[in-house]
Amino acid sequence: MHRRLHGRGALFDVEPAGLVPRIVGLRPYQHRALPLEHPGELPFVVLTGARGLGKSAVLGELRDAYKGHTPVAFADCAEAQFAGPPPERPAESWSPVAQALLVVAEQLAEPVTGAGRITFPRLMSGLVAVAAGGWGDADSERIRREVERILLLNESGSWISGFAGRWAGKVAAKVVAAATGTGPLVSGAIEATLESVAEGFASRRHQKASVWYRTYPNAGGHAQRGLILLSGHFRAGGTSREHAERYLVRALLADLTEAYAGVLPRMQRLGRPLVLVDNVQTGPGPGLLDAVLRDRAEGIADQVAFVAGLRGDGRELLRGGTRRELAGVARRSEWTPDPAVPSSRALLVALPPLTPDDTLHLVGAPAAPQLPHAVHRLTRGNPLGIALLAEAAAQHPERAGSLADLLTADVRPVEDGPAAPAYLRLLDRLVPADRLDELTVLAAAHDHDSACALAAALLPDDFGPADVRALQNRLAEEGLPTVPGQFVGDPFVRTLLLLRLHLRDADHSGWRTAHETLVAYYTEDRPDAHARFRLHHQLALGRTGPAVTHLRDSFPVLDTRGWLHTLRFVAAAPYFHAHDAEGRDFSGPGDRRAAVALGRTDAQQRVPDGVDGVLHLRIRRLLHAVWLLTDPLVLPDPKVADRLRFELEQLSNLRPAGNALLWRASRDWPAAALAGRPPAEDGDDEGDAGDDERSGVA
């Protein structure tokens with residue numbers, strides 16, 4: 001039933017039911033019940049992964065699938081409303097967790113099919129007590145605004161229209177009078193609130209809720225004293241505030257439990273209430289998560305289905321969480337918590353990249369039939385990248401023959417907004433915004449030391465080796481892969497960053513400086529051992545001669561497997577601009593690599609004296625063929641692939657000892673290129689085994 005997502009059926013499927021329908025107890029987009037997988041204690045589901053893997057898209061789809069059928073709330077912990085208090089509200093009476101609880105409760109209160117609004121008297125009382133801690137010098141109008149918003153959480157919808165608003169106004173007036181009187185401010189506001197709850201609701205359920213805070217530690221059985229203590233703990237900050245926030249979370253869950261209690265509510269309400277929390281690693285997220293998990297571990301039960309999105313793998317935040325791959329929860333989650341470990345109440349589900357078939361469905365049938373495979377090779381199945389490139393192709397069908405052209409094309413979002421190049425829109429979502437400039441430069445590096453060399457040449461003086469290491473750790477924490485031989489391990493993100501580096505200056509001066517810096521770095525430090533790194537960056541500058549010479553001279557003597565690896569690594573140099581014969585940026589049309597690979601420039605090529613001219617030209621053609629076919633921004637050319645097969649086959653005849661590897665590469669590398677896969681490490685085509693053709697693995 002998932003309408004806009006691909007590759008996420010394990011979460012949404014109906015027959016048999018996916019993970020979320022089994023936990024919520026409702027079919028998505030329908031008001032029809034399903035058996036619960038965990039009728040007692042249920043897991044706190046956390047979707048993990050790097051940026052762009054679709055966590056937010058899944059949560060948005062879940063909101064649409066269940067909205068109106070069961071109470072649903074969505075909170076993005078990275079939103080500005082959770083970053084700090086409003087200008088007029090003191091910090092001691094506001095926190096991201098308290099704000100998130102208000103936002104969540106407001107959404108959960110909305111009526112759904114077969115049932116009216118849910119009221120939150122416990123949470124309402126606690127939030128008023130917290131807010132009252134900041135009313136010392138507040139004007140009556142500000143107090144009225146804050147109180148009315150909180151008190152509307154108790155609007156049942158069962159009275160005539162407007163009653164709740166008028167009632168809230170009366171309560172606000174009473175609270176304002178208490179807060180601006182001569183008595184103790186907080187206790188006066190709390191007393192007025194409790195009295196108003198008792199007056200406004202005569203039912204046993206609401207009366208019970210109004211005295212719920214009697215059990216607050218050291219309250220001595222007095223609800224008013226409990227709320228005063230709660231307010232004081234909140235104002236104190238630190239662990240005292242965390243203690244108060246935990247009780248506020250418990251109040252929300254207790255109100256929801258009360259709404260589902262009794263015979264009539266159970267008959268009217270199908271499924272569990274659903275709370276969706278995006279970016280749970282930041283803002284109010286860790287506090288919400290910890291409060292729910294700790295209470296569940298201590299036996300304080302609730303029946304709320306939580307599904308959260310978390311950037312990274314969550315190993316620091318949820319060390320004891322149960323981990324599953326997405327396919328592993330399609331039919332059963334096999335989740336059993338450890339009674340002694342609160343974080344084991346979390347079920348962490350890793351979202352995988354999309355498959356080539358998923359990419360085909362998202363991209364559709366463009367004018368260039370090879371585009372879906374090329375998009376998948378470039379993005380490595382990143383859903384955000386696939387979706388945005390598909391949109392770019394739809395808006396600019398004339399550019400569908402080149403991924404580089406699509407990435408640089410201005411894309412207008414579906415929602416209103418200015419058009420911007422696709423690669424910049426992707427970088428806005430895929431890398432930390434506060435470190436975009438640094439990452440743009442360091443994407444050309446291979447390790448910490450080479451990154452430090454780049455930082456010294458191109459970044460401000462205050463960005464030193466410690467900052468380089470901290471940034472590398474941050475990328476790992478956010479879920480980007482750690483790949484030996486590359487500072488930025490994700491090949492898609494690295495390509496986008498290098499494209500930005502190339503286009504950042506009109507004359508590409510930053511691009512040239514970065515690669516010239518690395519050429520010098522790998523020349524000075526162990527020049528023989530680091531030859532392939534130096535050649536890689538020379539090729540990125542368009543200087544093909546050194547690479548041809550090295551590959552030609554090392555072919556008879558170097559181990560065949562090592563030679564093939566050097567060829568692949570050197571030819572993995574990024575290519576964003578045409579070059580002339582001397583490697584200078586060339587403003588003329590076309591990519592000369594295909595012409596060189598197909599031998600069309602052989603007649604104009606001067607072969608150095610004293611070398612085997614046939615081998616020299618063959619290596620030159622081979623280098624350009626691999627360079628072109630492994631370029632993730634270029635749709636594969638069947639003619640060049642066939643020429644690659646021929647050149648490797650001919651080389652295999654010259655090396656009897658390495659004949660098997662060279663001959664196998666002559667079959668596997670062209671086939672992989674045409675299928676949109678990276679070539680295998682040494683010609684043994686077993687798919688993606690961990691190293692990509694632009695990984696730089698030693």
Side-chain angles (χ1 to χ4, degrees), residues 20-21 23-33 56 58-77 79 81-82 98-128 145-169 171 197 200-201 203 205-206 209 248-249 251-262 264-278 284 288 292 302-308:
V20 177
I23 290 176
V24 175
L26 275 181
R27 295 169 179 258
Y29 293 101
Q30 300 178 38
H31 195 61
R32 296 177 60 188
S56 298
V58 167
L59 296 177
E61 188 78 7
L62 287 172
R63 176 175 54 187
D64 294 345
Y66 287 103
K67 189 174 179 62
H69 302 298
T70 194
V72 176
F74 173 87
D76 183 352
C77 297
E79 286 184 355
Q81 66 171 318
F82 304 119
Q99 179 68 15
L101 290 172
L102 177 59
V103 169
V104 166
E106 287 174 332
Q107 297 174 68
L108 291 172
E110 294 299 321
V112 298
T113 302
R117 290 175 61 88
I118 294 176
T119 59
F120 294 90
R122 296 171 177 83
L123 178 62
M124 179 205 70
S125 302
L127 291 179
V128 169
R145 287 197 308 269
E146 292 182 11
V147 171
E148 285 189 351
R149 181 177 180 184
I150 296 170
L151 293 182
L152 285 175
L153 294 178
N154 243 16
E155 180 184 356
S156 67
S158 58
W159 293 71
I160 60 173
S161 176
F163 171 81
R166 291 195 299 273
W167 176 76
V171 178
V197 171
F201 296 94
S203 70
R205 182 160 66 91
H206 284 93
L248 291 175
V249 174
L252 170 78
L253 299 180
D255 284 331
L256 286 171
T257 300
E258 189 77 24
Y260 278 72
L264 186 59
R266 284 202 303 269
M267 292 175 61
Q268 291 177 323
R269 298 189 182 277
L270 296 181
R272 289 165 163 150
L274 176 62
V275 176
L276 307 167
V277 187
D278 202 4
L288 287 171
V292 174
D302 66 84
Q303 287 295 303
V304 180
F306 284 92
V307 182

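Since the model is a prediction, treat every value here as computed from it, not as a measurement.
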### Task
Can you see which heavy atom on Val103 is nearest to which on Gln81, and at what distance?
CG2-OE1, 3.4 Å

### 4.5 Å side-chain heavy-atom contact, Leu153 and Leu127
yes

### Query
Distance from Ile23 atom CD1 to Arg272 atom CZ, nearest 0.5 Å?
7.5 Å

#### Entry: From CG (Leu123) to CG (Leu102), nearest 0.5 Å
7.5 Å

## Note on the structure
Checking Val275, Val292, Val104 against Val304 for side-chain contact (heavy atoms from CB on, under 4.5 Å), the one that qualifies is Val275

## Note on the structure
Closest non-hydrogen contact found for Leu26 with Gly271 is CG-CA, 3.8 Å

### Query
What residues form a salt bridge (charged side-chain N to carboxylate O under 4.0 Å, His left out) with Arg27, not counting sequence neighbours?
Glu15

### Message
Arg32: which residues meet the side chain to side chain donor-acceptor pair (under 3.5 Å) condition with it, sequence neighbours left out?
### Response
Gln30

### Query
Who are the salt bridge (charged side-chain N to carboxylate O under 4.0 Å, His left out) partners of Glu110, not counting sequence neighbours?
Arg117

### Residue pair Ser56 / Phe74, side-chain heavy-atom distance below 4.5 Å
no

### Message
Nearest 0.5 Å, please: how far is CG in Leu59 from CG in Asp278?
### Response
5.0 Å

### Task
Report the distance from atom CG of Leu274 to atom NE2 of His69, rounding to the nearest 0.5 Å.
12.0 Å

### Over all atoms of both residues, closest heavy-atom pair of Phe82 and Pro284
CB-CD, 3.7 Å

### Query
Rounded to the nearest 0.5 Å, what separation is found between the OG1 atom of Thr257 and the CG atom of Leu252?
9.0 Å

### Summary
When every non-hydrogen atom of Tyr66 is compared with those of Pro21, the smallest separation belongs to OH-CA, 3.4 Å

## Note on the structure
Note: Asp64 and Tyr29 closest approach over all heavy atoms is O-CE2, 3.6 Å

### Task
Only counting residues at least two apart or in another chain, list the ones meeting salt bridge (charged side-chain N to carboxylate O under 4.0 Å, His left out) with Asp76.
none

### Task
Rounded to the nearest 0.5 Å, what's the gap from CD on Glu148 to CD on Glu146? Could you check?
11.5 Å

### Test side chain to side chain contact (heavy atoms under 4.5 Å, CB included) applied to Ile118 and Leu256, step by step
CA-CA 7 Å; Ile118 294 176; Leu256 286 171; 3.9 Å; yes

### Task
Evaluate the criterion side chain to side chain contact (heavy atoms under 4.5 Å, CB included) for residue pair Arg269 and Val112; output intermediate values, then yes/no.
CA-CA 8 Å; Arg269 298 189 182 277; Val112 298; 4.0 Å; yes

### Message
Arg149: which residues meet the side chain to side chain donor-acceptor pair (under 3.5 Å) condition with it, sequence neighbours left out?
### Response
Glu106

## Note on the structure
Residue set satisfying ring pair (Phe, Tyr, Trp, His ring centres under 6.0 Å) with Phe306, at least two apart, ordered chain then number -> Phe44

